[in-house]
Asker: 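One structure coming up, written as structure tokens, with questions to follow.
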Amino acid sequence: MSYWLVKSEPSSYSWAQFVQDKQTVWSGVRNYAARLHLRNMKKGDEVFFYHSNEGTDIVGIAKVIKEAYQDPTTDDDRWVAVDLKVHKKLKKPVPLDTIKKDKRLANMALVRIGRLSVQPVTDSEYKVIMELASDKSS
């Protein structure tokens, strides 16, 4: 299994809305690097849900339930979407400031290339985030 992080501004699509919807199409991504990451997502992969711009916290975990397919928001077949379902809310949100201060996360894409909307998360980064969220069960 691989780990990922997706970003959404709460005013556009919040964790609360995602929980209400139970699942969603992750579409509208128009960045080449992010598209590559969407294409590499596999069914069952876990995905951190990050609130960007407002709040700047990792707040929950989604799971990939459908791998990359033609993005329904465009006729351009170069762009893809994936389907995500809610997996679980983190016991406590992990703020960007906390992530940036933790030396173990210095190489995390969220720290290095902060504007990227879909990014990989390493196994060790995943474990540190779960520790920071006080959720050692995963």
Asker: Start with the C-alpha gap between Leu5 and Val118, add the side-chain angles, then the distance that decides, and say whether side chain to side chain contact (heavy atoms under 4.5 Å, CB included) holds.
Answerer: CA-CA 6 Å; Leu5 180 143; Val118 179; over 6 Å; no
Asker: Would Val86 end up clustered with Val121 when hydrophobic side chains under 4.5 Å apart are linked, directly or stepwise?
Answerer: no
Asker: Under a 4.5 Å cut-off applied to non-hydrogen side-chain atoms, are Pro120 and His37 in contact?
Answerer: yes
Asker: Applying side chain to side chain contact (heavy atoms under 4.5 Å, CB included), run through His87 and Glu46 and close with a yes or a no.
Answerer: CA-CA 8 Å; His87 180 54; Glu46 292 189 9; 3.9 Å; yes
Asker: Apply side chain to side chain contact (heavy atoms under 4.5 Å, CB included) to Asn53 and list each qualifying residue two or more places apart in sequence or on a separate chain.
Answerer: Glu9
Asker: What is the distance from atom CD1 of Ile129 to atom CG of Leu105, rounded to the nearest 0.5 Å?
Answerer: 5.0 Å
Asker: So, are Arg30 and Asp71 salt-bridged, with charged N and O less than 4.0 Å apart?
Answerer: yes
Asker: Looking at side-chain heavy atoms only, is the closest gap between Met130 and Val94 below 4.5 Å?
Answerer: no
Asker: Show the nearest heavy-atom pair for residues Ile65 and Gln23, with the distance to one decimal.
Answerer: CD1-OE1, 3.5 Å
Asker: Is the side chain of Gln70 donor-acceptor paired with the backbone N or O of Asp76 at a distance under 3.5 Å, no angle test?
Answerer: yes
Asker: Test Lys66 against Val82 for side chain to side chain contact (heavy atoms under 4.5 Å, CB included), laying out the working first.
Answerer: CA-CA 6 Å; Lys66 184 174 180 184; Val82 298; over 6 Å; no
Asker: Looking only at non-hydrogen atoms, find the nearest pair between Ser134 and Lys91 and report the distance.
Answerer: O-CD, 3.2 Å
Asker: Please report the shortest heavy-atom distance between Lys89 and Val59, naming the atom on each side.
Answerer: CG-O, 3.7 Å
Asker: Could you go through Tyr50 and Val6, starting from their C-alpha distance and side-chain angles, then the distance that decides it, and tell me whether this counts as side chain to side chain contact (heavy atoms under 4.5 Å, CB included)?
Answerer: CA-CA 6 Å; Tyr50 177 81; Val6 295; over 6 Å; no
Asker: Using a 6.0 Å cut-off, check whether atom NZ of Lys42 has over 12 heavy atoms from anything other than its own residue.
Answerer: yes
Asker: Got a second to check how far Glu54's CD is from Ser52's OG, nearest 0.5 Å?
Answerer: 7.5 Å
Asker: Could you walk me through whether Trp79 and Tyr69 pass ring-ring contact (aromatic ring centres under 6.0 Å, His included), step by step?
Answerer: CA-CA 8 Å; Trp79 300 107; Tyr69 60 94; over 10 Å; no
Asker: Do Glu131 and Arg104 sit within salt-bridge range, that is, some charged N less than 4.0 Å from a carboxylate O?
Answerer: yes
Asker: Out of curiosity, Lys63 NZ to Lys88 NZ, how far, rounded to the nearest 0.5 Å?
Answerer: 9.0 Å
Asker: If every non-hydrogen atom of Val80 is compared with every non-hydrogen atom of Leu38, which pair is closest and at what distance?
Answerer: O-CD1, 3.6 Å
Asker: For Asp45 and Trp4, run side-chain hydrogen bond (donor to acceptor under 3.5 Å, both in side chains): C-alpha distance rounded to whole Å, both residues' side-chain angles, the deciding distance at 0.1 Å, then the answer.
Answerer: CA-CA 8 Å; Asp45 284 356; Trp4 308 92; 2.9 Å; yes
Asker: Are Met1 and Met108 joined in one hydrophobic group, where the rule is that I, L, V, M, F, W and Y side chains link up if heavy atoms are under 4.5 Å apart?
Answerer: yes
Asker: Run the side-chain hydrogen bond (donor to acceptor under 3.5 Å, both in side chains) check on Glu125 and Tyr3 step by step: do they pass?
Answerer: CA-CA 9 Å; Glu125 291 164 350; Tyr3 301 106; over 6 Å; no
Asker: Do Lys127 and Thr122 come within less than 4.5 Å of each other through their side chains, counting heavy atoms only?
Answerer: no
Asker: For Ala33 and Leu116, which heavy atoms make the closest approach, and how far apart are they?
Answerer: CB-CD1, 3.8 Å
Asker: Return the minimal non-hydrogen interatomic distance between Pro10 and His51, and the atom names on each side.
Answerer: CG-CG, 3.4 Å
Asker: Indicate yes or no: at least one non-hydrogen side-chain atom of Ile61 is less than 4.5 angstrom from one of Val47.
Answerer: no
Asker: Short question: side chain of Asp21, backbone of Thr24 - any donor-acceptor pair under 3.5 Å?
Answerer: no
Asker: With side-chain contact (heavy atoms from CB on, under 4.5 Å) as the test, pick out the partner of Leu96 among Ile58, Asp57, Thr56.
Answerer: Thr56
Asker: Any non-hydrogen side-chain atom of Asp102 less than 4.5 Å from a side-chain atom of Val128?
Answerer: yes
Asker: Is there a side-chain contact between Ser8 and Trp26 in this structure, where contact means two heavy atoms from C-beta onward sitting under 4.5 Å apart?
Answerer: yes
Asker: Between Arg112 and Asn107, is any pair of side-chain heavy atoms under 4.5 Å apart?
Answerer: yes
Asker: Would you please name every residue forming a side chain to side chain contact (heavy atoms under 4.5 Å, CB included) with Leu36, sequence neighbours left out?
Answerer: Asn40
Asker: Look at the aromatic rings of Phe18 and Phe49 and report parallel, tilted or perpendicular, splitting at 30° and 60°.
Answerer: parallel
